[in-house]
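Have a look at the structure below, then the notes.
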Number of protein chains: 2
Amino acid sequence: MASRVQSVERAAAILQVLAVEDAPTGLGELAAALGLAKATTHGLVQTLRDVGFVDQDAESGGYLIGAGLLELGSRSVDLNELRSQALNWTDALAARSRQAAHVAVYTSGEVLIAHHVFRPDSSVQQVQTGTTHPLHATALGKVLLAYDPRAVRALGAGPLESFTYRTVTDRSRLLRDLADVRDLGWAAAVEEHHPEQAGIAAPVRDRTGQVIAAVGIKGPVDALCDARHRPRTALATLVVQTGRSISREFGHGRVP
Amino acid sequence: MASRVQSVERAAAILQVLAVEDAPTGLGELAAALGLAKATTHGLVQTLRDVGFVDQDAESGGYLIGAGLLELGSRSVDLNELRSQALNWTDALAARSRQAAHVAVYTSGEVLIAHHVFRPDSSVQQVQTGTTHPLHATALGKVLLAYDPRAVRALGAGPLESFTYRTVTDRSRLLRDLADVRDLGWAAAVEEHHPEQAGIAAPVRDRTGQVIAAVGIKGPVDALCDARHRPRTALATLVVQTGRSISREFGHGRVP
DNA sequence: GTGCGCGTTCGGCATCGCCGAACGCTTGGG
DNA sequence: CCCAAGCGTTCGGCGATGCCGAACGCGCAC
């Protein structure tokens, strides 16, 4: 019978106390819940903070479950694999929508373009692969935000940066948009990042159902939206279907 | 500067090593990754197993991220609150669908009926609130399975129990069904639990977007399905809308 | 049958975890 | 304005607990 490592048990108990609460938990409250000295509890919880399993609220000094613990439950997709699985489907998407197509992942509080297909015309275009974009102002970013708690946490509590007069800078409004994304299964951003440009995006899932990336198109508002500036549903359907097809490459809904 | 609790740091490192792998990790491999003696690593990982943060594969003896860690990221909804928020919407659902309506949560590997509205006719019906049902053979269960990794893990690796000749007992087939649930945003089970009975269900989300419950209807196949035994899309739409309405009661998509 | 690698157990030692006491800061009340 | 209370944080010393090497039992392959 192996002996139990007492301090690890205590650290686990701390995490369980914090998980029950939304608001930051104070050190005194934590110590009382564990029946330990404050100094002991402090050493344990500071260690948990340093390994990223606990975050400390700057204002109150209280503690809450950390982003690093969320990371344990999140799978990072291999970018090379993502590219190779998405390649044919995004080519087809660009061809059928006649717009530029992208595949993106969430990385360090931003959208990272993992793959980019040029708009199929003779216009001058710049390679986007490897570039980063703001989460809140892009359709790809909204998809990632809708399904990844790490992304939402990375937004912080303050106002969101404005890129155009149409950028959603009110956090509550954005959260409402994210709920729409979950209800509809796709996202749009119209002139929120660049004037006269719009984007439509949909989730890419892995075999467990977790959203690991977003796929989307981007182009002029006139092409992506109807006369009332609303995304064209035929294009949204196309993007969603592409998302599902790429998801199937990762085993989602496919017999192993 | 508070000292770091070394064994807690080591335990965290163990979790990080395990999180990267799908397959069970052996003790020797773990010890090598940490640069510790096997016996030391064993004490740490056994402690993590005892607190539920690590599971041990019965066959290989290897270790993997445990269900208890998944629990840290999952919110339990208060059943009384769920009932009171769902009350009016499920009454309306039962009235409009003319079928019995249920709200259910995932608990200990099963579907737990949190709230039940009788089918609005004079038939003899039994109270279902508080009863449990199998995850894999019910529409409510499929919704919970589609969005909660704890539920999928609780299924285990063996064959699924058969209730009728139509029960999906092949795990791969079920995983494919779950992918459909995520793609469509609703689930159905036709004669999988009881002969001549069918169910349609949809997710209920909390304000962060996490699926915390499922709402659904249940009734005779003839009433819920068309001539080809496929769920009626008008009823599915009704159920999905009810799910969204209850979700809004929990703050999903609503300005706080 | 033997060797190897697996996860597990055991006992002893020294190091590290834990504690009480104190610190510095903020807030609220008199 | 001052004091008290409560907050999270730091410090040093002691003893309890974490860690280690060695060994165990099991299963598998040659």
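Throughout, a chain's letter reflects where its sequence line sits, starting with A, and its residues are numbered from 1. Every heavy atom of this structure was used, including side-chain atoms; hydrogens, water molecules and symmetry mates were not.
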Could you tell me the separation between the [atom1] atom of [X] and the [atom2] atom of [N], rounded to a whole number of Å?
| X | N | atom1 | atom2 | value |
| --- | --- | --- | --- | --- |
| B:Gln6 | C:dC18 | CD | P | 12 Å |
| B:Glu59 | C:dG7 | CD | P | 14 Å |
| B:Arg4 | D:dC11 | CZ | P | 12 Å |
| B:Leu44 | C:dG7 | CG | P | 15 Å |
| A:Arg10 | D:dA16 | CZ | P | 13 Å |
| B:Glu29 | C:dG7 | CD | C1' | 14 Å |
| A:Glu9 | C:dG17 | CD | C1' | 14 Å |
| A:Leu36 | D:dG8 | CG | P | 15 Å |

Look at [X] and [N] and indicate whether a side-chain polar atom (N or O) is within less than 4.0 Å of OP1 or OP2.
| X | N | value |
| --- | --- | --- |
| A:Gln46 | D:dT9 | yes |
| B:His42 | C:dG7 | no |
| B:Tyr63 | C:dC6 | no |

Using a distance-only test with no angle check, is there a side-chain donor-acceptor pair under 3.5 angstrom linking B:Tyr63 and B:Glu21?
no
Nucleotide nearest B:Ala39 when distance is taken to its side chain, options C:dG17, C:dG20, D:dA22
D:dA22
Per B:Val5 side chain, nearest of listed nucleotides D:dC11, C:dC18, C:dC10
C:dC18
For residues 145-158 of chain A, run the donor-acceptor check on the side chains, cut-off 3.5 Å, and write out each pair with its distance to 0.1 Å, sequence neighbours left out.
unit_1, atom_1, unit_2, atom_2, d
A:Asp148, OD1, A:Arg150, N, 3.0
A:Asp148, OD1, A:Arg150, NE, 3.1
A:Asp148, OD2, A:Arg150, NE, 3.2
A:Asp148, OD2, A:Arg150, NH2, 2.7
A:Arg150, NH1, A:Glu71, OE1, 2.9
A:Arg153, NH1, A:Asp55, OD2, 2.8
A:Arg153, NH1, A:Ile65, O, 2.7
A:Arg153, NH2, A:Ile65, O, 3.1

So, do A:His115 and A:His102 have ring centers that fall under 6.0 Å from each other?
no
Could you check A:Gly61 against A:Val8 and say which one's nearest nucleotide on DNA chain D is further toward the 5' end?
A:Gly61
Under 4.0 Å between a side-chain nitrogen and a carboxylate oxygen: does that hold for A:Asp177 and A:Arg173?
yes
Single hit among B:Glu161, B:Lys142, B:His193 for side-chain contact (heavy atoms from CB on, under 4.5 Å) with B:His136
B:Glu161
Is A:Ala37 touching bases, backbone alone, or none of the nucleic acid, heavy atoms closer than 4.0 Å?
sugar-phosphate
Using atom names, set out every protein N or O paired with an N or O of nucleotides 23-30 of chain D below 3.5 Å, distance rounded to 0.1 Å.
none

Backbone of A:Thr169 reached by a side-chain donor or acceptor of A:Thr167 within 3.5 Å
no
Check whether B:Asp206 reaches the backbone of B:Gln210 with its side chain - one donor and one acceptor, N or O, closer than 3.5 Å.
yes
